[in-house]
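Read through the structure below, which is laid out as structure tokens, and then see the notes.
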Amino acid sequence: MRTPRDSWKKLSTEAVNPKSARLDRAGIERIVALMQSEDRRVLKALLKARPAIIRAAELFRATWLAGRTSFLFGAGTSGRLAVLEAAELPPTFGTDPRRVVAIVAGGRSAVFRAKEGTEDRRADGVEGARRVRSGDLVIGVSASSVTPFVRGALEEARRRGAGTLLITASRSRETDGLADVVVRLDVGPEVVAGSTRLKAGTATKLALNQITTSALASAGKVFGPWMIDLRAGSAKLRDRALRIVAAACGIPAEDARRLLARARGELRTAILMGRTKERYAEARRRLDRAGGDLRKAITSKKR
């Protein structure tokens with residue numbers, strides 16, 4: 001009879017890195033050098049996984065454009081990375097926090113203090129996925145790929161007709177058929193055996209960045225290189241908003257300030273007003289006709 005140990009002992013995330021066999025005697029300088037050398041594998045893993053990352057981003061974008069919700073499930077480090085991704089999208093892209101939701105094993109308090117054992121509760125993952133509807137997307141984040149909490153969520157999501165995506169640092173073929181898209185980040189064994197907050201965590205964060213940013217940028221949430229839906233809730237962000245309008249419209253900062261005031265603080269509208277010389281109401285109507293696509297709205301004015 002096969003036991004969980006049979007799966008765990010074969011995982012690359014649990015393997016020993018031969019380069020760190022005497023880590024306890026290496027000293028700080030050599031440990032830092034070793035870690036930096038090993039971290040180079042992160043970018044190589046991402047390059048190898050690029051086709052899967054692209055498919056994942058297309059799935060995320062399709063979910064977003066359809067007005068559906070994306071859920072991220074994870075435990076431990078993976079769960080905290082899921083929370084971080086969901087939390088950072090609203091201030092950057094102005095997204096509704098109800099549209100990208102993170103669910104971490106052990107609940108909210110597990111974000112700040114590790115709750116060992118919660119990752120083993122498959123039933124909790126299933127329960128968390130019961131709020132998922134057909135057309136939504138469930139993203140499982142699991143370095144090992146065998147986390148019961150995440151697997152339970154993915155299985156329940158598929159049963160409910162949702163799209164599924166798994167991001168993992170495991171080479172295990174046990175993931176086959178578990179999700180519509182599997183992003184495998186083969187970073188190899190960690191310097192500290194089994195500590196997937198290291199290379200696996202770094203690769204996972206970068207993959208999530210690439211998936212959500214490419215999806216939302218191509219869905220009209222940026223104009224050129226600029227955020228146009230950022231929430232200017234601090235002095236730094238208010239200054240950034242001012243600089244974006246000035247740069248996008250090619251006008252002095254003081255003119256950008258007045259334009260933002262006339263646009264009621266809406267960057268997207270302010271840029272359109274600056275580019276087309278239209279009043280607020282006219283610019284809003286043009287944006288609505290363009291489905292919120294700023295570049296399309298600007299182009300339609302030129303025609």
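- The existence of a salt bridge linking E282 and R286 is excluded, since no basic side-chain nitrogen approaches an acidic carboxylate oxygen closer than 4.0 Å.
- In this structure, CG on L206 lies 9.0 Å from CG on L185, to the nearest 0.5 angstrom.
- Of the inter-residue distances, the one linking L34 atom CG with I31 atom CD1 reads 8.0 Å to the nearest 0.5 angstrom.
- R268 and D229 are joined by a salt bridge, as a carboxylate oxygen and a charged side-chain nitrogen come within less than 4.0 angstrom of each other.
- For the 3.5 Å distance criterion, the side chains of R289 and S300 fail to qualify, holding no donor opposite an acceptor.
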Next on the checklist: Applying salt bridge (charged side-chain N to carboxylate O under 4.0 Å, His left out) to R159 and E155, what does each step give before you reach the verdict?
Outcome noted: CA-CA 6 Å; R159 193 183 73 78; E155 289 163 4; over 6 Å; no

Next on the checklist: Run D180 and R158 through salt bridge (charged side-chain N to carboxylate O under 4.0 Å, His left out) and show every step you take.
Outcome noted: CA-CA 9 Å; D180 299 322; R158 297 197 81 173; 3.2 Å; yes

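- Here V126 sits alone; no ILVMFWY side chain lies under 4.5 Å from its own, so it joins no hydrophobic cluster.
- Residues R121 and E127 are not paired through a salt bridge, judged by the lack of any N-O separation under 4.0 Å between the basic side chain and the carboxylate.
- Using a 4.0 Å cut-off between charged nitrogen and carboxylate oxygen, E190 and R197 do not count as a salt-bridge pair.
- Legend: salt bridge (charged side-chain N to carboxylate O under 4.0 Å, His left out) pairs involving residues 91-103, not counting sequence neighbours, sorted by first then second residue: D96-R98.
- T269 and R284 form a side-chain donor-acceptor contact under 3.5 Å, judged by distance and modelled atom types alone.
- In the displayed structure, I28 atom CD1 is contacted under 6.0 Å by at most 12 heavy atoms of other residues, nucleotides or ligands.
- A salt bridge is absent between R285 and D288; no separation between the charged side-chain nitrogens and carboxylate oxygens falls under 4.0 Å.
- R61 has no carboxylate O lying under 4.0 Å from a charged side-chain N of E58, or vice versa, which leaves the two without a salt bridge.
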